[in-house]
Structures are given as C-alpha cells and as structure tokens.
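Sequential numbering from 1 along the given sequence is applied to the chain's residues. What's counted below: heavy atoms across the whole structure, side chains too, no hydrogens, waters or symmetry copies.
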Amino acid sequence: MILRQTLPAVRTAHATQRTAFTLMEVLVVVAILVVLAGVGIPIYSRIQENAYKNAAKTIITKVEQAIEAYKLQHGQLPDNLQVLTQPEDGAAAFLETKSLLDPWNRPVVYEPSQTHPQSGRPMVYSQGPRPGDQTSRVTNW
C-alpha cells in the first residue's frame, strides 16, 4: 500500500520539474522547418512562373483576337498595338491600354511583318520571365 501512495506523488513531482523543451528538441524542430522551407520555396517559384506564363498566354490571345477584329473591320493588320487602344467613330476601342502589358509589366510585342507560314497570323509575344532569352518567350504560335 505504501508503494501505491508514493508512486503518484513521484509522477507529479517529475511532471512539475519538466516545464520546458530541451535545447535539442528545439534544434530538431528548427532543422525540420529549414528543410521544409528549402523544399517549398523552389516549388512555389516554379508554380508562380507557370501561372505567369499562363496569364501571358491569355493576354496574347486577347491581343491576337483584337488584331483579327481590326483586320476584319479595316481589311488590313494594324501598324502597331496602340491603334487598338484608340476608340473609332464613337465605338469602344478594341483593347484597353493596360491589356498591352504582360504579367511581368513589360509591353506585349507585335511584329506584323512576321506572319505564320500556314495560318498567316502575325507574331505576338511576351518576352517572358527572362527578357532577351528566346527560350523564355511566350508566343501566339
């Protein structure tokens, strides 16, 4: 009987002595968080780049549709994209000025002299995440 009475007393005394984490436990948790952050940041940046490229494709498609609408109305391709932002004869403009910027806040490039060999569509593209790098372009072809 004496053992039963002292055993709970020992447990409560031990439980009250340990009120904080040890340094080793804290270091293990911090190490785990560092590893998770190291894995998560590259994945997040890849997802963000893909989202920006998809948004650029949407913008380019919208610009290309405005070019085609202009061509149907005027019989020729516009000289530049700024023509599409000007209202004509009281009608609304084909595009808003802000529609001519890609997700990286750079202007969409329009080259009416370069047309697709099969479809005849003019080249419209964004310079992508790395301007000057041909492989990062997002084009309508």
Closest non-hydrogen contact found for P103 with A55 is CG-CB, 3.7 Å
Once side chain to side chain contact (heavy atoms under 4.5 Å, CB included) is applied, do any residues pair with V29, and if so which ones, sequence neighbours excluded?
L33
Residues pairing under ring-ring contact (aromatic ring centres under 6.0 Å, His included) where one sits in residues 29-65, two or more places apart or in two chains, turn out to be Y52-W104
All pairs passing ring-ring contact (aromatic ring centres under 6.0 Å, His included) where residues 108-141 contributes a residue, at least two apart
H116-W141
Would you give the length of the straight line joining atom NZ of K57 to atom OG1 of T139, rounded to the nearest 0.5 angstrom?
9.0 Å
Taking every non-hydrogen atom, the tightest pair across L81 and V63
CD2-CG1, 3.7 Å
Please identify which of these residues, I59, L84, I67, meets the side-chain contact (heavy atoms from CB on, under 4.5 Å) condition with L95.
L84
The complete set of salt bridge (Lys or Arg N to Asp or Glu O under 4.0 Å) pairs with one or both residues in residues 60-86, sequence neighbours excluded, reads E64-R121
Is any side-chain heavy atom of F94 less than 4.5 Å from a side-chain heavy atom of Q73?
yes
Any pair counted as salt bridge (Lys or Arg N to Asp or Glu O under 4.0 Å), so long as it reaches residues 94-120, sequence neighbours left out:
E96-K98
Could you pull out the closest heavy-atom pair between T115 and P112, with the gap in Å?
CG2-O, 3.7 Å
Compare all side-chain heavy atoms of K53 with those of P129 and state whether any distance is below 4.5 angstrom.
yes
Determine which pairs satisfy salt bridge (Lys or Arg N to Asp or Glu O under 4.0 Å) with at least one residue from residues 132-141, sequence neighbours left out, and list them in order.
R130-D133
Does the N80 side chain pair with the main chain of V83, one donor and one acceptor, at a distance under 3.5 Å?
yes
Do V35 and I32 have side chains that approach each other closer than 4.5 Å (heavy atoms only, starting at C-beta)?
no
For E88 and Y70, which heavy atoms make the closest approach, and how far apart are they?
OE2-CE1, 3.8 Å
Flag side-chain contact, heavy atom, 4.5 Å: S126 against I60:
yes
Can you confirm whether L100 sits close enough to Q82 that some side-chain heavy atom of one is under 4.5 Å from a side-chain heavy atom of the other?
yes
If you define the side chain from C-beta out and look only at heavy atoms, does anything of V109 sit under 4.5 Å from V124?
no
